[in-house]
Amino acid sequence: MPEAEPQDILTPLTEDAIFLTACVDPGGEAAVLDLLPDLAGLRRSVGFRYQEARLSSVVGIGAELWDRLFGAPRPAGLHPFRELRGPVHTAPATPGDLFFHLRAERLDMCFELAHLIVDRLHPGVRIVEEIHGFKSFDERDLLGFVDGTENPEGRAAEAAVVIGDEEPDFAGGSYLIVQKYLHDLAGWNVLTVEEQEAAFGRTKLDDVEFADEDKAPDAHLTLNVIEDEEGEQLQIMRFNMPFGRVGGNEFGTYYVAYAATPAVTEQMLDNMFLGKGEATHDRILDFSTATTGNLYFVPSADFLDDPPGPEAPAPAEPDVDDQPDPDDPPAAPEGSLGIGGIGAG
Ligand code: HEM
């Protein structure tokens, strides 16, 4: 089987991004199935006119919508985002069937593509959240720390996010977890720089990791550096971006993490919200409230080009007397859209 091409997940960091979350009402499925194979063309329509802007797009599909669009099989790790209620903080699960991660060096490119996408989705598809993210200074989040430094690079990045032999039906795909966080910046800025650095386990100005023995049990890095049984670090790829409105006292981080299995990101979330060892929770959560939470499957680009139709109902047992009439119109091809099942193509 030829290797399936992933979507533009491993795009280098950009200046701008738009994050669109949509809910698909019953009856809206056809518009989605119609759009998926055209997404790459829409991206080219906008991106080709200013290639330096490196416009890219990724679409993710939630568990419930997956079942409505494609039926079985469902990617093994695809399930609704699991709400986490810790002793102090909660990671809520919120509505979201479809997610678009649009990135470019210019917001107008993301905006134009978002417009073309949304135009194609009416009716039956509601955009329930739209976030415009921006790059802040030297890749800092709004808490003032450089965010993204320890993302894997090169082949390690690909191995961390792209599904391979472990799910051959879905090779080239990935899992995406997103959360919208709002920061209590006034409270955070009461802390000294040393206290802020202890919350992360890294220095603020020059972005250097603390030695393990100097990291607090509830430091962000203590809880997010996790290993498998062989002692290999388990990695994900984060593309967080700041967003906000100064006049509305809104200072946020849009958390975006891709992984070849959602279990790795979920283990990190467990550590942050439910605690681990001496830590009841991640210290940065005292200043960062998760207000949304979603899990999506990100199919390969090949899957999007030629998605399978909805599961066809099982054919009725043929009646021996019911021979086809030569005057009948020819039978419809497999699937109500006339596209083959999941193994086809
Ligand atoms: C308010 C939300 C968040 C902010 C502002 C934030 C910020 C940061 C910063 C500044 C770093 C250090 C530099 C770096 O390597 O990127 C970091 C590291 C990291 N964060 Fe977060 N983070 C947030 C949420 C999360 C969540 C929800 C997860 C996982 C579910 C996570 C997983 C990680 C991982 C895996 C690392 C790298 C650890 C290492 O290998 O050193 N972060 N984060």
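Counting starts at 1 for both ligands and their atoms, in listed order. What you see is a predicted model, and the numbers here were worked out from it, not measured in a lab.
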Run down the list Tyr254, Phe287, Tyr255 and name the one with the heavy atom closest to atom 30 (C) of ligand 1.
Tyr255
Can you tell which part of Asn224 has a heavy atom less than 4.0 Å from ligand 1: side chain, backbone, both or neither?
both
Where does Ile284 meet ligand 1, judged by heavy-atom distances below 4.0 Å: at the side chain, the backbone, both, or neither?
side chain
Using a strict cut-off of 4.0 Å, indicate which atoms of ligand 1 neighbour a heavy atom of Leu221.
18 (C), 38 (C), 41 (O)
Can a donor-acceptor pair be found between the side chains of His281 and Asp286 at a distance below 3.5 Å?
yes
Which residue owns the protein heavy atom closest to atom 16 (O) of ligand 1, what's the atom, and how far is it?
Gly148 N, 2.5 Å
Atoms of ligand 1 less than 4.0 Å from Thr253 heavy atoms?
5 (C)
Applying a 4.0 Å heavy-atom criterion (strictly less than), which segment of Gln235 is in contact with ligand 1: side chain, backbone, both, or neither?
neither
Would you say the side-chain atoms of Glu52 and Tyr50 include a donor-acceptor pair closer than 3.5 Å?
no
Could you tell me whether some N/O pair between Glu209 and ligand 1 is separated by less than 3.5 angstrom?
no
Can you figure out which of Thr149, Leu182, Asp141 has its heavy atom closest to atom 14 (C) of ligand 1?
Thr149
Nearest non-hydrogen protein atom to atom 34 (C) of ligand 1, with distance, is Arg238 NE, 3.4 Å
Is the shortest N/O to N/O distance between Thr265 and ligand 1 below 3.5 Å?
no
Report, in ascending order of atom number, the atoms of ligand 1 lying under 4.0 Å from any heavy atom of His183.
1 (C)
In terms of atom number and element, which parts of ligand 1 are under 4.0 angstrom from non-hydrogen atoms of Asp147?
6 (C), 7 (C), 8 (C), 9 (C), 10 (C), 16 (O), 43 (N)
Which residue supplies the protein heavy atom nearest to atom 12 (C) of ligand 1, what is that atom called, and how far is it?
Arg202 CD, 3.4 Å
Starting from atom 40 (O) of ligand 1, which protein heavy atom do you reach first, and at what distance in Å?
Gln233 NE2, 3.1 Å
Pull out every atom of ligand 1 sitting under 4.0 Å from any heavy atom of Gln179, numbered as shown with elements.
27 (C)
For ligand 1, which atoms, with element, lie under 4.0 Å from some heavy atom of Phe200?
7 (C), 8 (C), 9 (C), 10 (C)
Please identify which atoms of ligand 1 are closer than 4.0 Å to at least one heavy atom of Leu269.
27 (C), 30 (C)
For atom 13 (C) of ligand 1, what is the nearest protein heavy atom, given as residue, atom name and distance?
Val146 O, 3.3 Å
Looking only at side chains, do His183 and Thr253 share a donor and an acceptor under 3.5 Å apart?
yes
Does Glu194 form a salt bridge (charged side-chain N to carboxylate O under 4.0 Å, His left out) with Lys204? I'd like the steps, not just the answer.
CA-CA 9 Å; Glu194 288 73 23; Lys204 189 172 184 180; over 6 Å; no
Would you tell me whether Asp207 and Thr149 have side-chain atoms, one donor and one acceptor, within less than 3.5 Å of each other?
yes
Note the single closest protein heavy atom to atom 41 (O) of ligand 1, along with its residue, its atom name and the distance in Å.
Glu150 CG, 3.3 Å
Against heavy atoms of Val225, which atoms of ligand 1 measure under 4.0 Å?
38 (C), 39 (C), 40 (O), 41 (O)
Heavy atom of Glu266, distance to ligand 1 below 4.0 Å
no
Please find the N/O/S atom of His220 nearest to atom 21 (Fe) of ligand 1 and write down its name.
NE2
Considering only the protein, which heavy-atom contact is closest to atom 27 (C) of ligand 1, and what is its distance?
Tyr181 OH, 3.3 Å
